[in-house]
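Keep in mind that the numbers below use all heavy atoms, side chains included, and drop hydrogens, waters and symmetry copies. In what follows, chains carry the letters A, B, and so on, assigned in the order in which the sequence lines appear, proteins first and then strands, with residues in each chain numbered from 1.
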Amino acid sequence: MAAWLIKSEPGKYSWEMLVHDRRTFWDGVRNYQARNNLQAMKKGDLCLFYHSVTGKEIVGVAKVVRSAYQDPTTTDDRWVVVDVAPGRAMKTPVTLADLKSDPQTCEMALIHQSRLSVSPVTAAEYKAVLKMGGVAGKQHR
DNA sequence: GCCAACGTTGGC
DNA sequence: GCCAACGTTGGC
C-alpha cells in the first residue's frame with residue numbers, strides 16, 4: 001500500500017467538505033507530474049490531506065476508493081481523477097512549519113516542490129506525520 | 001498583496 | 001528545439 005499527499009485550498013475544497021460529502025472525485029489536476037502520481041494510486045492507498053494557502057497544514061488522511069479514470073469535468077483525455085473518501089482526521093493538524101522542523105519530514109516533496117499538488121510520501125514520512133498529528137497507531141476503516 | 005518558483009505556450 | 005513571455009501557485 002502506498003501513501004500520497006494531496007493538497008487543496010480549503011476555500012476551494014476543504015477536508016470538512018470531504019467529510020461532509022463522504023466521497024468525492026479528485027479533479028482539477030492539470031499538471032503532468034501530479035497526473036502521473038494520480039494514475040499510480042491504487043484503491044486502498046492513503047493520502048495525507050493538506051490545506052494550502054489557508055492553514056498550511058495536514059488535517060487528515062483520505063483513502064483512495066477508486067483508482068484513476070477519465071476526468072469527468074473535461075473531454076481532454078490527458079487528465080484523470082481518483083475517488084477519495086475521508087479517513088482519520090488529525091488530532092492535531094501538522095503544519096508546514098512542523099514538517100520543515102522535523103528531520104523525518106523536512107525532505108518531503110511538499111516542501112521541496114511546493115507547487116506539486118499530488119506527491120508521493122514514503123512509509124517513514126507517513127508514519128512520522130501521523131505521529132505528529134497525534135494519531136499514531138490508529139487503524140483506518 | 002507581493003513576489004519567487006515553476007510550468008506552459010508560442011514565436012522564431 | 002530553444003527561449004522569452006506569460007499565467008498560476010503558494011509561502012510569506
Side-chain angles (χ1 to χ4, degrees), chain A residues 1-138 140-141:
Chain A
M1 180 183 303
W4 309 89
L5 183 141
I6 56 178
K7 49 180 191 181
S8 177
E9 290 190 39
K12 291 176 182 166
Y13 194 84
S14 67
W15 170 255
E16 289 73 20
M17 289 163 86
L18 177 62
V19 170
H20 177 262
D21 291 347
R22 300 298 304 151
R23 177 184 181 133
T24 192
F25 54 87
W26 200 255
D27 67 323
V29 172
R30 294 293 182 270
N31 167 285
Y32 290 109
Q33 204 179 341
R35 190 276 314 267
N36 292 343
N37 291 331
L38 276 186
Q39 283 178 327
M41 286 185 186
K42 292 190 173 61
K43 190 178 172 181
D45 283 357
L46 299 168
C47 304
L48 298 173
F49 195 110
Y50 176 79
H51 278 170
S52 64
V53 185
T54 309
K56 285 170 289 177
E57 57 194 14
I58 294 170
V59 291
V61 180
K63 199 169 45 171
V64 177
V65 291
R66 183 179 171 186
S67 58
Y69 59 98
Q70 166 68 36
D71 186 337
T73 65
T74 177
T75 54
D76 189 333
D77 63 10
R78 291 177 301 171
W79 309 118
V80 299
V81 298
V82 297
D83 285 0
V84 294
R88 293 283 173 185
M90 291 292 146
K91 194 171 168 188
T92 310
V94 181
T95 67
L96 184 61
D98 292 337
L99 295 171
K100 281 181 178 172
S101 63
D102 190 307
Q104 282 191 284
T105 53
C106 66
E107 297 300 324
M108 286 176 73
L110 171 71
I111 295 159
H112 199 67
Q113 268 179 286
S114 67
R115 296 187 55 189
L116 183 59
S117 59
V118 182
S119 57
V121 173
T122 68
E125 287 163 351
Y126 180 77
K127 201 175 165 185
V129 169
L130 256 60
K131 191 176 177 186
M132 283 189 264
V135 291
K138 293 276 174 62
H140 294 276
R141 283 183 287 126

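- Listed by first and then second residue, the side chain to side chain donor-acceptor pair (under 3.5 Å) pairs involving residues 94-107 of chain A are A:T95-A:D98 (not counting sequence neighbours).
- Residue pairs meeting the side chain to side chain donor-acceptor pair (under 3.5 Å) criterion with at least one partner in residues 72-82 of chain A, sequence neighbours excluded, are A:Y32-A:R78, A:D71-A:T73, A:D76-A:R78.
- On the nucleic acid side, DNA chain C contacts chain A at distances under 4.0 Å to non-hydrogen atoms, with the end points of that region at C:dG7 to C:dC12.
- Residues passing the side-chain contact (heavy atoms from CB on, under 4.5 Å) test with A:K131, sequence neighbours excluded: A:A136.
- Near-neighbour residues of DNA chain B inside residues 68-75 of chain A, defined by a heavy atom below 4.0 Å, are absent.
- When the side-chain contact (heavy atoms from CB on, under 4.5 Å) test is applied to A:P103, no partner is found at least two apart in sequence or on another chain.
- Within the structure, every pair that satisfies the salt bridge (Lys or Arg N to Asp or Glu O under 4.0 Å) test and touches residues 13-24 of chain A, not counting sequence neighbours, is listed here: A:R23-A:D83.
- Contacts of A:N36 classified as side-chain contact (heavy atoms from CB on, under 4.5 Å), with partners at least two apart in sequence or in another chain: A:Q39.
- Of the residues in residues 105-118 of chain A, those with a non-hydrogen atom less than 4.0 angstrom from any atom of DNA chain C are A:S114, A:R115.
- Pairs of residues two or more places apart, or lying in two chains, that qualify as ring pair (Phe, Tyr, Trp, His ring centres under 6.0 Å) and include a residue from residues 50-70 of chain A are A:F49-A:H51.
- Sorted pairs that involve residues 113-126 of chain A and meet salt bridge (Lys or Arg N to Asp or Glu O under 4.0 Å), not counting sequence neighbours, are lacking altogether.
- A heavy-atom distance below 4.5 Å is found between the side chains of A:T24 and A:V84.
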Using a 3.5 Å cut-off and no angle test, enumerate the donor-acceptor pairs between side-chain atoms of residues 1-12 of chain A and protein atoms at least two apart in sequence or in another chain.
unit_1, atom_1, unit_2, atom_2, d
A:W4, NE1, A:D45, OD2, 3.1
A:K7, NZ, A:S114, O, 2.1
A:S8, OG, A:Y13, O, 2.6

